[in-house]
Amino acid sequence: QVQLVESGGGLVQPGGSLTLSCEVSGLKLIYYSVGWFRQAPGKEREGVSCIDSNDEKIHYADSVKGRFTISRDKAKNTVYLRMTSLRPEDTAVYYCAASTWVPDVQVMCVFQEGIEDWGQGTQVTVSS
């Protein structure tokens with residue numbers, strides 16, 4: 001059974017930083033594209049960043065480019081999202097997700113296609 005468990009969320013002041021982790025069990029990350037998504041209150045879920053199985057292609061939403069960094073440790077089967085220069089509009093529940101077959105990480109992030117497994121989410125609140 002596949003499980004994705006996010007952690008690292010919390011309350012942070014504007015301009016601060018957080019690193020989210022997504023520990024994966026039941027599958028080997030080396031075979032999967034993975035991504036981070038978020039959903040703010042009253043808004044639709046959106047893709048934040050996705051990375052392909054070879055770590056060769058990465059997609060970032062325009063709103064987080066230059067501030068967020070996705071990475072993974074395949075030995076630990078864990079995906080990370082380093083978030084810096086956080087803004088109040090980054091407040092949301094953040095989810096990680098995985099796909100074995102999505103042909104392009106931009107498609108995965110923008111259209112949320114090919115996603116087979118989701119985590120339960122972790123809350124990030126940016127507020128003074």
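Just so you know, these numbers use all the heavy atoms, side chains as well, and skip hydrogens, waters and symmetry mates.
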Out of curiosity, [X] [atom1] to [Y] [atom2], how far, rounded to the nearest 0.5 Å?
{"X": "S53", "Y": "Y32", "atom1": "OG", "atom2": "OH", "answer": "11.0 Å"}
{"X": "I51", "Y": "S71", "atom1": "CD1", "atom2": "OG", "answer": "7.5 Å"}
{"X": "R38", "Y": "C96", "atom1": "CZ", "atom2": "SG", "answer": "15.5 Å"}
{"X": "M108", "Y": "F37", "atom1": "CE", "atom2": "CZ", "answer": "4.5 Å"}
{"X": "I115", "Y": "C50", "atom1": "CD1", "atom2": "SG", "answer": "6.5 Å"}
{"X": "Q123", "Y": "T91", "atom1": "CD", "atom2": "OG1", "answer": "7.0 Å"}

Looking at [Y], is its backbone amide N or carbonyl O close enough to the side chain of [X] to form a donor-acceptor pair, meaning the two atoms are under 3.5 Å apart?
{"X": "S99", "Y": "G114", "answer": "yes"}
{"X": "T69", "Y": "R82", "answer": "no"}
{"X": "E6", "Y": "L20", "answer": "no"}
{"X": "N77", "Y": "V24", "answer": "yes"}
{"X": "Q112", "Y": "R45", "answer": "yes"}

Specify the closest pair of heavy atoms between [X] and [Y], including all atoms of both residues, with the distance to one decimal.
{"X": "I58", "Y": "S49", "answer": "CG2-OG, 4.0 Å"}
{"X": "G121", "Y": "V93", "answer": "CA-CG1, 3.8 Å"}
{"X": "Y95", "Y": "G119", "answer": "CD2-O, 3.6 Å"}
{"X": "P14", "Y": "S127", "answer": "CD-C, 3.6 Å"}
{"X": "R67", "Y": "L86", "answer": "NH1-CA, 3.9 Å"}
{"X": "H59", "Y": "V110", "answer": "NE2-CG2, 3.8 Å"}

May I have all residue pairs that pass ring-ring contact (aromatic ring centres under 6.0 Å, His included) and include part of residues 67-89, sequence neighbours excluded?
->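 Residue pairs with at least one partner in residues 67-89: there are none.
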
State yes or no: do [X] and [Y] share one hydrophobic cluster built from I, L, V, M, F, W and Y residues joined by side-chain heavy-atom distances below 4.5 Å, directly or via other members?
{"X": "V34", "Y": "V48", "value": "yes"}
{"X": "L18", "Y": "Y60", "value": "yes"}
{"X": "V102", "Y": "F111", "value": "yes"}
{"X": "M83", "Y": "V12", "value": "yes"}
{"X": "V107", "Y": "W101", "value": "no"}

Output all residues satisfying side-chain hydrogen bond (donor to acceptor under 3.5 Å, both in side chains) with E113, sequence neighbours left out; order by chain, then residue number.
->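 Per chain and number, E113 pairs via side-chain hydrogen bond (donor to acceptor under 3.5 Å, both in side chains) with no residue.
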
Looking just at side-chain N and O atoms, do S7 and E23 make a donor-acceptor pair shorter than 3.5 Å?
->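 Short answer, no.
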
Between R87 and D90, is there a side-chain N and carboxylate O pair less than 4.0 Å apart?
->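 No, no charged N to carboxylate O under 4.0 Å.
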
Crowded around K74 NZ? As in, over 12 foreign heavy atoms under 6.0 Å?
->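 More than 12 heavy atoms, drawn from other residues, nucleotides or ligands, come within 6.0 Å of this atom.
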
Using a cut-off of 6.0 Å, state whether more than 12 heavy atoms not belonging to E89 lie near its atom CD.
->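 Enclosed: over 12 neighbouring heavy atoms sit under 6.0 Å from CD of E89.
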
